[in-house]
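Beneath this line is the structure, given in structure tokens, with notes to follow.
All chains are named by letter (A, B, ...) in the order of the sequence lines, taking the proteins before the strands, and each is independently numbered beginning at 1. Keep in mind that the numbers below use all heavy atoms, side chains included, and drop hydrogens, waters and symmetry copies.
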2 protein chains.
Amino acid sequence: MNNRTTNLNTHSLAFLAKCLADENRLRILFCVSKEKKSVSMIVEELGLSQPLASHHLKELKRALLVKVERSGPFVYYEITDPRILVILAELDELGTALLSKRTTF
Amino acid sequence: MNNRTTNLNTHSLAFLAKCLADENRLRILFCVSKEKKSVSMIVEELGLSQPLASHHLKELKRALLVKVERSGPFVYYEITDPRILVILAELDELGTALLSKRTTF
DNA sequence: TCAACATATAAACGTTTATACATATGATTA
DNA sequence: TAATCATATGTATAAACGTTTATATGTTGA
């Protein structure tokens, strides 16, 4: 029963990771990480088609990583919890470390 | 040019996240997180088929998350950098927090 | 060298996913 | 209400993925 301390909820972990496993979604996440942005702002900033952005935003929302707020004709998305940015920064750093430490090329 | 400080390498991030986005791979990762284990040990512990375990180990190795070591007929896998465990713990915690804080059900 | 065991690879299959295109919904303003 | 703008949804398609089954590679000991 000491797995409790080491093993985590693989189900929800995999679910979150799956949402983070797409470059466009990551870009959108960073895009709305400092301030709320409308879909059209995101579309323009990232050069995505509007339906594609909408689709990925839906996925991000499904994973609760972004929250939505309507204002007039615009729908604003913003990051739910900035801690995800810290985690992603750590993961990015780890990735770099893994690359630099690897023995086999 | 201040994106440098906030935006990360979405490519390698997505690559790492993709590797973490599978429950079986996460289970394998936790399984080899405390001590190196042979494929057959992993297979037995997690109840996976041998080819399936082998396939996922290959993916984990491709992402440099595990390292391999042969000893006689056995091939031992172990976690490369334990920091991934910290990151996953944080992600798991965030997942729980997101769920408890959500407003829409 | 042969047999037995441990692990890896290959091919095939069904499922999921990202994307594009077309269209619908919803809100605003004239 | 009509027209326009912002966003969402539906459908289709191609690629990627996880899994299974079968087979191959590699190692050890008789």
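- When distances run from any side-chain atom of B/L52 to the nucleotides D/dT7, D/dT19, D/dT9, the shortest one goes to D/dT19.
- Distance A/I28 CD1 to C/dA18 P: 11 Å, rounded to the nearest Å.
- Counting non-hydrogen atoms under 4.0 angstrom, A/S40 reaches the backbone sugars and phosphates but no base.
- Comparing C/dA8, D/dT20, C/dA22 by their closest approach to the side chain of A/P51 singles out C/dA22.
- Between B/E69 atom CD and C/dT7 atom C1' there is a gap of 15 Å when expressed in whole angstrom units.
- Residue-level contact check: A/Y76 touches neither bases nor backbone, having no heavy atom under 4.0 Å from any strand.
- Using a 4.0 Å cut-off, no side-chain N or O of B/K58 falls inside it from OP1 or OP2 of C/dA8.
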A/I84/B/L91 under side-chain contact (heavy atoms from CB on, under 4.5 Å): CA gap, chis, key distance, verdict
CA-CA 8 Å; A/I84 188 62; B/L91 193 57; 3.8 Å; yes
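- Mapping A/H55 and B/P73 onto DNA chain C by nearest heavy atom places B/P73 closer to the 5' end of the strand.
- For A/Y77 and D/dA6, the shortest distance from a side-chain N or O to OP1 or OP2 is not below 4.0 Å.
- Within the 4.0 Å cut-off from OP1 or OP2 of D/dT7, not a single side-chain nitrogen or oxygen of A/R70 is found.
- The B/K18 side chain lies nearest to D/dC17 when the options are C/dT7, D/dC17, C/dA27.
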Show your working on side-chain contact (heavy atoms from CB on, under 4.5 Å) between B/I28 and B/L48 and close with a plain yes or no.
CA-CA 10 Å; B/I28 292 175; B/L48 303 174; 4.0 Å; yes
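- Counting to the nearest Å, the C1' atom of D/dA15 and the CG atom of A/D22 are 13 Å from each other.
- With rounding to whole Å, A/L48 atom CG is found 13 Å from C/dA18 atom P.
- Rounded to a whole Å, the CD atom of B/E23 is 15 Å from the C1' atom of D/dC17.
- Between A/L64 and A/T80 the shortest heavy-atom distance is O-OG1, 2.9 Å.
- Taking only distance into account, the side chain of A/Q50 never meets the base of D/dA6 through a donor-acceptor pair shorter than 3.5 Å.
- Between A/E69 and A/E78, some side-chain heavy-atom pair lies under the 4.5 Å cut-off.
- Straight-line distance from the CZ atom of A/R27 to the C1' atom of C/dA18: 14 Å, rounded to whole Å.
- Cluster membership check: B/V68 shares its hydrophobic cluster with B/V32, using side-chain heavy-atom separations under 4.5 Å among Ile, Leu, Val, Met, Phe, Trp and Tyr.
- Counting heavy atoms from C-beta on, the side chains of B/L65 and B/L20 come closer than 4.5 Å.
- Among the nucleotides D/dG18, D/dT21, C/dT7, the one closest to any side-chain atom of B/F74 is C/dT7.
- Taking every side-chain heavy atom of A/V39 into account, D/dT7 is the closest of C/dA18, C/dA8, D/dT7.
- Whole-Å rounding puts the A/K61 NZ to D/dT7 C1' distance at 12 Å.
- Residue-level contact check: A/H56 touches the backbone only, with heavy atoms under 4.0 Å from sugar-phosphate atoms and none from bases.
- D/dC17 atom C1' lies 16 Å from atom CG of B/L20, rounded to whole Å.
- Candidate nucleotides C/dT19, D/dT27, C/dT9 were compared by shortest atom distance to the side chain of B/S54, and C/dT9 ranks first.
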